[in-house]
Amino acid sequence: MVKWLGSLRNFNKPYLCKIEKIIDETPTVRTLIFSDSIMSNSRPGQFAMVWIPGINELPMSIMISTKKNQAAFTVRKHGVNSTALYNMKLGQYIGVRGPYGNNFNIKPGKLLLVGGGTGLVPLIRLLKFIKTSHNITLIIGAKTKNEVIFEDLANSLLQHNQHSIITTTMDGTYGCKGLVTHIVADLLHETTFDAIYTCGPELMMFNVIKMALSKQIFVQASIERIMKCGIGICGSCSMNENIVCKDGTVFDGSYLLENNEFGYMYRNKSGSIENYTSKV
Amino acid sequence: MVKWLGSLRNFNKPYLCKIEKIIDETPTVRTLIFSDSIMSNSRPGQFAMVWIPGINELPMSIMISTKKNQAAFTVRKHGVNSTALYNMKLGQYIGVRGPYGNNFNIKPGKLLLVGGGTGLVPLIRLLKFIKTSHNITLIIGAKTKNEVIFEDLANSLLQHNQHSIITTTMDGTYGCKGLVTHIVADLLHETTFDAIYTCGPELMMFNVIKMALSKQIFVQASIERIMKCGIGICGSCSMNENIVCKDGTVFDGSYLLENNEFGYMYRNKSGSIENYTSKV
Amino acid sequence: MINVNLIKNIRLLIIFMNCFISKMKPDISTHIGPIFIDNPTILASGILGISINIFNRIYSSGAGAVVTKSISMLPSSGYDGPSLFSVGGDGWLNAIGLSNPGIDNFSKMLRQNKKIPIIVSLVGSTDIDFITMVKKLQNSKILAYELNLSCPHVDKVGLDVGDDPELVYNIVKKIKSATQTPIIAKVGLGSTNYLDTIHAACDGGVDAITAINTLRAMAIDIDAMKPILGNKIGGLSGRPIKTIAIRCVYEISSKYNIPIIGCGGIFDWSDAVEFILAGASAVQIGSVINNKWMQIFSDINQGLTNYMSQKNFANIGEMVGISKKF
Amino acid sequence: MINVNLIKNIRLLIIFMNCFISKMKPDISTHIGPIFIDNPTILASGILGISINIFNRIYSSGAGAVVTKSISMLPSSGYDGPSLFSVGGDGWLNAIGLSNPGIDNFSKMLRQNKKIPIIVSLVGSTDIDFITMVKKLQNSKILAYELNLSCPHVDKVGLDVGDDPELVYNIVKKIKSATQTPIIAKVGLGSTNYLDTIHAACDGGVDAITAINTLRAMAIDIDAMKPILGNKIGGLSGRPIKTIAIRCVYEISSKYNIPIIGCGGIFDWSDAVEFILAGASAVQIGSVINNKWMQIFSDINQGLTNYMSQKNFANIGEMVGISKKF
Ligand SMILES: Cc1cc2nc3c(=O)[nH]c(=O)nc-3n(C[C@H](O)[C@H](O)[C@H](O)COP(=O)(O)OP(=O)(O)OC[C@H]3O[C@@H](n4cnc5c(N)ncnc54)[C@H](O)[C@@H]3O)c2cc1C
Ligand SMILES: Cc1cc2nc3c(=O)[nH]c(=O)nc-3n(C[C@H](O)[C@H](O)[C@H](O)COP(=O)(O)OP(=O)(O)OC[C@H]3O[C@@H](n4cnc5c(N)ncnc54)[C@H](O)[C@@H]3O)c2cc1C
Ligand SMILES: Cc1cc2nc3c(=O)[nH]c(=O)nc-3n(C[C@H](O)[C@H](O)[C@H](O)COP(=O)(O)O)c2cc1C
Ligand SMILES: Cc1cc2nc3c(=O)[nH]c(=O)nc-3n(C[C@H](O)[C@H](O)[C@H](O)COP(=O)(O)O)c2cc1C
Ligand code: FES
Ligand code: FES
């Protein structure tokens with residue numbers, strides 16, 4: 001007889017987790033920590049669909065926790081839904097399904113990680129998977145001083161590695177002044193890397209990829225699109241012939257540059273094309 | 001994710017098997033042999049639900065085959081449906097689901113097997129499970145000479161055991177003359193057994209059980225009732241508080257004698273009570 | 001002063017202990033309109049429910065009540081087989097064809113009932129059929145009648161009746177005036193709007209609704225190239241229909257002020273809870289009996305009790321339909 | 001004499017070889033009324049079907065045709081999430097809410113289509129909606145239109161239209177006079193008899209029927225005590241609905257002489273065969289895309305081809321509805 005496996009967890013159905021700890025990272029960014037061994041074991045670049053009961057469901061990169069069997073989401077309050085998630089209180093429940101998507105392909109050697117805003121989340125998880133032989137350069141990009149996140153956490157995660165952490169703010173109130181991409185350009189002028197991993201605003205990733213490929217450096221980026229199902233059924237996350245939630249979210253830079261939607265346009269919730277350029 | 005096990009066999013759905021060999025046992029009884037490792041491994045006393053496509057489905061005790069991975073049904077043509085099964089040709093398909101029901105609890109030592117008609121089927125399967133240390137007495141009951149079945153087969157199955165096979169016909173045209181129960185009475189007068197197993201007409205089993213219990217011998221019988229589902233849902237096979245297809249078909253004799261329907265009445269296809277006595 | 005304080009303290013202690021006790025042991029008895037049962041798990045119609053002995057065994061196994069097979073005026077042998085098989089995913093197709101011993105045989109048997117809360121399921125084509133059967137049962141101990149307005153695979157009864165709201169109204173109204181025993185209407189998804197059927201039943205004075213029956217379905221064997229069921233078309237039960245049944249219970253309870261018994265695809269206590277949160281006051285257990293056997297009733301009651309303790313529900317009433325608040 | 005014999009022998013040889021070849025390689029192309037496709041696997045509406053690039057990828061993966069998301073007059077963002085999740089047993093609940101870029105954006109994109117057999121799914125409330133959309137698409141290469149008369153969870157469109165046979169008749173009739181492109185009506189199980197909808201569509205001159213859409217259903221999370229879907233109620237798809245869909249195809253093909261595209265719970269080639277035996281000339285593939293990804297189309301075609309060889313079917317036409325013979 002076909003036995004029903006109902007007693008096992010159904011990864012594609014929201015599973016409620018209690019928020020056990022909240023960290024205010026910046027005035028607009030919070031990390032919500034919960035216990036869940038499945039999420040805690042997700043690979044770097046993977047995401048979950050997060051249900052805020054009664055409100056909406058959002059794709060979120062899976063953040064690490066320093067404790068075992070825990071995972072987290074780091075959310076910036078933005079529209080109605082992310083604000084609702086941001087406002088969740090200790091002891092309240094969120095639903096998670098996943099993990100979904102592929103992951104970064106971690107090369108050995110000297111790695112450059114380039115993250116902007118909450119795009120740092122998958123890169124922080126990547127740090128959990130590196131070996132002591134890795135030499136890591138991490139660029140943390142933010143608009144202004146009090147939006148810089150994960151600096152201390154990254155330092156402690158990298159304590160056994162040769163590493164450098166470069167912080168940059170657009171207004172120069174902390175770290176270097178200017179765009180993340182300027183830092184990358186400077187670095188690539190001085191040195192080289194075995195691989196570059198990036199996640200953040202699409203135009204930032206677009207430029208990072210162009211720079212990396214001009215120096216023949218392996219580069220991967222994690223892409224965001226509107227996601228409704230997260231599992232390759234609804235099509236809302238499509239980018240040209242790619243279904244980002246299933247083919248990605250991590251793509252090789254060389255592949256992305258051939259994709260004429262990447263860096264230029266995305267589809268809104270109705271599936272209509274919108275241009276990035278007009279929004280930045 | 002809950003993985004669908006669709007590729008594994010669903011034991012509760014008819015599974016088509018090709019009839020590979022037909023043995024005419026008597027002018028009204030045939031054995032239909034087919035390949036199916038699941039049925040071939042069923043335990044003695046278990047039955048299958050057998051679909052004659054386009055006609056009906058019948059419960060049938062699972063008969064053995066001398067070849068590996070094969071099983072069989074031995075059917076007596078009776079009403080429309082068993083006649084349709086009896087008339088199936090070589091190469092045609094029957095659907096099987098199961099095996100269902102519990103099985104005989106085979107004790108060590110000296111065993112008496114008492115079978116009437118196609119009730120011999122589960123007893124023949126029982127012979128497949130005995131050890132060489134067993135001493136077996138098998139009583140084969142039939143109405144008349146050309147209705148005696150399985151005598152040669154039983155002899156060959158028992159070649160490595162101390163055994164005796166007693167055949168009895170009601171008209172005395174072959175073997176002893178008289179009812180099976182007379183033979184049992186005579187045997188129990190002379191000797192004793194460690195256990196008795198019986199399958200056949202209910203009144204025969206009823207009498208065998210009474211005799212066995214009067215001598216404090218462990219006895220089990222396999223019971224027939226109308227079966228529509230075979231799996232404990234429809235209730236058609238009920239006998240007092242028992243659901244024969246699921247609690248049985250094998251019951252201890254001591255338990256059966258306490259059941260005031262056993263030996264006296266059964267339910268027809270509508271669930272109405274009918275009496276055995278009026279039918280015999 | 002000391003006395004007053006002592007009394008106050010004792011009071012507090014009692015309140016505290018009551019809280020504690022009620023927290024430890026929620027009350028799982030339930031009212032389905034005028035029907036009261038010790039726990040909300042009911043054996044569904046057509047499942048094993050053929051004799052007093054079986055009813056007794058199931059009741060002793062922990063069911064709050066049992067529903068009989070649907071009984072008709074005359075005995076019926078039902079359809080040729082296969083009449084039940086699995087379609088995988090804990091789903092089942094059946095076309096038993098309402099086999100039953102008929103009202104005369106059945107009422108004779110039912111007179112033996114002393115203590116079991118038995119709901120008698122009736123199936124018929126006209127108001128006269130139903131009234132006649134109710135009259136023949138009037139001397140038996142019966143908890144309620146359930147009118148089968150929803151069997152999806154037998155002509156002129158079941159859904160063929162349920163699809164005709166006017167007929168439903170008439171049947172319910174006439175039975176109500178013929179007996180004091182509560183009446184439940186069991187609905188399914190037929191070829192009209194099932195909510196109209198419920199509306200008619202409510203107008204006729206029905207006491208509760210059971211939702212839902214099996215859904216019309218079939219399977220074809222690709223080797224035999226034939227429909228598998230003897231009757232070709234039958235009803236789908238089990239897990240696959242749960243989300244549809246939950247939707248119906250939620251819809252009915254959002255629209256009508258009538259007690260509901262949820263049925264369809266219940267597999268464990270969490271399914272039972274889901275039905276109650278959707279608006280059911282009790283649940284019926286059908287095909288899962290194959291997997292979990294009679295144990296299922298006490299298993300569900302145990303799981304439900306734990307859930308209620310954990311979520312601080314003191315009784316079933318507090319839970320019924322609470323998901324509609326959101 | 002020798003010559004004649006030689007010719008005879010060569011003829012026999014050719015016949016024999018043809019038999020052999022046709023036995024080796026059955027023809028899986030299929031006619032759905034006036035619609036002809038290379039193989040009977042079609043991507044169902046609402047599944048990934050958002051852009052020409054995706055259509056192309058799916059067509060290249062082996063699909064015989066693709067159906068677009070249902071397109072409406074105006075762009076729509078759809079419902080809040082969760083809008084899709086698993087209910088186990090390879091069943092899914094969704095309430096996407098017919099999000100789509102609207103006819104203007106969509107028709108602009110569709111003009112790029114050169115070679116893909118695209119079926120455009122349209123959703124609207126009135127005949128005017130449908131006619132307007134068809135006119136806007138008249139310069140695009142389109143295989144057929146599929147009218148969504150069956151989405152179970154958006155007001156005033158889908159089932160709300162399908163449940164009104166007169167409206168269906170009008171819509172079909174008017175579109176037929178506005179375009180030469182074949183029209184398919186996609187039906188589901190709503191609150192009237194879906195066979196009446198089909199009857200009306202046939203009277204209006206529809207070229208084929210797709211059966212069925214998702215079934216109205218819901219799920220409640222027992223910890224959150226809330227319905228899970230953003231829209232609370234949605235549609236059930238996947239394995240759990242297969243036996244219901246098979247029944248519908250069997251019923252429609254027994255009653256009407258109209259080509260049918262079967263849809264609902266197809267998981268592998270054997271399901272596709274079951275639909276064809278029940279009466280479908282082609283099948284649509286929906287939720288299973290999650291498990292088997294785009295590979296599913298060629299997998300099904302391969303399995304189907306093997307089955308046909310084994311059972312000696314030379315083409316799909318021979319198989320369609322053959323289970324009704326029994
Ligand atoms: C794989 C993935 C991982 C993500 N991880 C995180 C994370 O770790 N932390 C975090 O804070 N957020 C993350 N997001 C973004 C998050 O899911 C929400 O999109 C964001 O929080 C805004 O949601 P909102 O509903 O509050 O805003 P909305 O009201 O939906 O949106 C505000 C504006 O942003 C636009 N927009 C929304 N989503 C996108 C998008 N994906 N691409 C481009 N424009 C968009 C909308 O069109 C609108 O104009 C991730 C997104 C994806 C796809
Ligand atoms: C567990 C089990 C194992 C069986 N094994 C075999 C077997 O190995 N070989 C074999 O030939 N048959 C076996 N049978 C009997 C078989 O299933 C059919 O009942 C029998 O073949 C008659 O079927 P029919 O439809 O042709 O006759 P029908 O037309 O159904 O019946 C003819 C008459 O017999 C009565 N009848 C049918 N079944 C029963 C029953 N179970 N008990 C009492 N009366 C009954 C009917 O009421 C009717 O009066 C078994 C039955 C059961 C329950
Ligand atoms: C074998 C079988 C027989 C049934 N017979 C009846 C019946 O006689 N009357 C009735 O109202 N419902 C009948 N039903 C429907 C069940 O009572 C129940 O409504 C349905 O099976 C859904 O519940 P489940 O998913 O828990 O099985 C039958 C169901 C099955 C599986
Ligand atoms: C996420 C999702 C979106 C859908 N959107 C549409 C739609 O826009 N139009 C439509 O006619 N059917 C839509 N459907 C129904 C499917 O086309 C199909 O009829 C249904 O899913 C049953 O097939 P399946 O079991 O293979 O998934 C949708 C189904 C799903 C799962
Ligand atoms: S989010 Fe639905 S397909 Fe990617
Ligand atoms: S045959 Fe159905 S319960 Fe035994």
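Each chain gets a letter, A, B and so on, in the order its sequence line appears, and its residues count up from 1.
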*Asks:* From the options Ile285(D), Ile261(D), Leu143(D), Thr210(D), select the one residue that forms a side-chain contact (heavy atoms from CB on, under 4.5 Å) with Ile42(D).
*Replies:*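 The passing option is Ile261(D).
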*Asks:* Scan for ring-ring contact (aromatic ring centres under 6.0 Å, His included) pairs involving residues 15-39 of chain A, sequence neighbours excluded, and state none if there are none.
*Replies:*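 Qualifying pairs: Phe34(A)-Phe73(A).
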*Asks:* Looking at Ala219(D), Pro82(D), Gly230(D), which one has more heavy-atom pairs under 4.5 Å with chain A than the rest?
*Replies:*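 Among the listed options, the one with the most contacts to chain A is Pro82(D).
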*Asks:* So what's closer than 4.5 Å to chain A heavy atoms on Asp223(D): side chain, backbone, both or neither?
*Replies:*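 For Asp223(D), heavy atoms of backbone and side chain both lie under 4.5 Å from chain A.
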*Asks:* For chain A, find which of Ser287(D), Gly286(D), Gly97(D), Pro101(D) contributes the most heavy-atom pairs closer than 4.5 angstrom.
*Replies:*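 Highest number of pairs under 4.5 Å: Pro101(D).
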*Asks:* Looking at chain A, which one of Asp221(D), Ile289(D), Leu93(D), Asn105(D) has the largest number of heavy-atom pairs inside 4.5 Å, strictly under?
*Replies:*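 Greatest number of close heavy-atom pairs with chain A: Asp221(D).
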*Asks:* Which residues in residues 69-76 of chain D have any heavy atom closer than 4.5 Å to a heavy atom of chain A?
*Replies:*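 Result: Lys69(D), Pro75(D), Ser76(D).
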*Asks:* What residue in Ser236(A), Gly230(A), Gly95(A), Pro14(A) has the most heavy-atom pairs under 4.5 Å with chain D?
*Replies:*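 Sorted descending by pairs with chain D, the first entry is Pro14(A).
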*Asks:* Is Arg239(D) positioned over the aromatic face of Phe267(D), cation under 6.0 angstrom from the ring centre and no more than 45 degrees off axis?
*Replies:*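 Here Arg239(D) passes the 6.0 Å and 45° test against Phe267(D).
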*Asks:* Under 4.5 Å from any heavy atom of chain D, what part of Asn81(A) do you find: side chain, backbone, both or neither?
*Replies:*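 Nothing of Asn81(A), per the 4.5 Å heavy-atom cut-off to chain D.
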*Asks:* Counting C-beta onward and ignoring hydrogens, is there a side-chain heavy-atom pair between Phe262(A) and Asn240(A) closer than 4.5 Å?
*Replies:*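 No - every pair of side-chain heavy atoms lies 4.5 Å or more apart.
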*Asks:* Side-chain contact, heavy-atom cut-off 4.5 Å: Glu261(A) with Ser238(A)?
*Replies:*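 No, every pair of side-chain atoms sits at 4.5 Å or beyond.
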*Asks:* Which bit of Ile55(A) is near chain D, if near means a heavy-atom gap under 4.5 Å: side chain, backbone, both or neither?
*Replies:*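 Contact with chain D involves the backbone of Ile55(A) alone.
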*Asks:* Between Ile231(A), Val50(A), Ile52(A), which shows the greatest number of heavy-atom pairs under 4.5 Å with chain D?
*Replies:*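 Top count of heavy-atom pairs under 4.5 Å with chain D: Ile231(A).
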*Asks:* Under a 4.0 Å N-O cut-off, is there an ion pair linking Arg9(A) with Asp36(A)?
*Replies:*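 Asp36(A) and Arg9(A): salt-bridged.
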*Asks:* Is a salt bridge present between Asp247(A) and Arg57(D), judged by a nitrogen-to-oxygen distance below 4.0 Å?
*Replies:*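 Yes.
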*Asks:* Counting heavy-atom pairs under 4.5 Å with chain A, which one of Phe85(D), Trp293(D), Tyr79(D) comes out on top?
*Replies:*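 With the most close heavy-atom pairs to chain A, the winner is Trp293(D).
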*Asks:* If you count heavy-atom pairs under 4.5 Å with chain D, which of Gly271(A), Gly235(A), Cys237(A) comes out on top?
*Replies:*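 When all of Gly271(A), Gly235(A), Cys237(A) are compared, Gly235(A) has the most.
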*Asks:* Does any non-hydrogen side-chain atom of Pro122(A) lie less than 4.5 Å from one of Phe104(A)?
*Replies:*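 Yes - at least one pair of side-chain heavy atoms lies under 4.5 Å apart.
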*Asks:* Using a 4.5 Å cut-off on heavy atoms from C-beta on, say whether the side chain of Ile119(D) contacts that of Tyr145(D).
*Replies:*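 No, too far: nothing below the 4.5 Å cut-off.
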*Asks:* Would you say the side chain of Arg43(A) lies within less than 4.5 Å of the side chain of Gln46(A), judging by non-hydrogen atoms?
*Replies:*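 A side-chain contact under 4.5 Å exists here.
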*Asks:* Distance to the ring centre below 6.0 angstrom and angle to the axis at most 45 degrees; does that hold for Arg225(A) and Tyr266(A)?
*Replies:*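 No, Arg225(A) does not sit over the ring of Tyr266(A).
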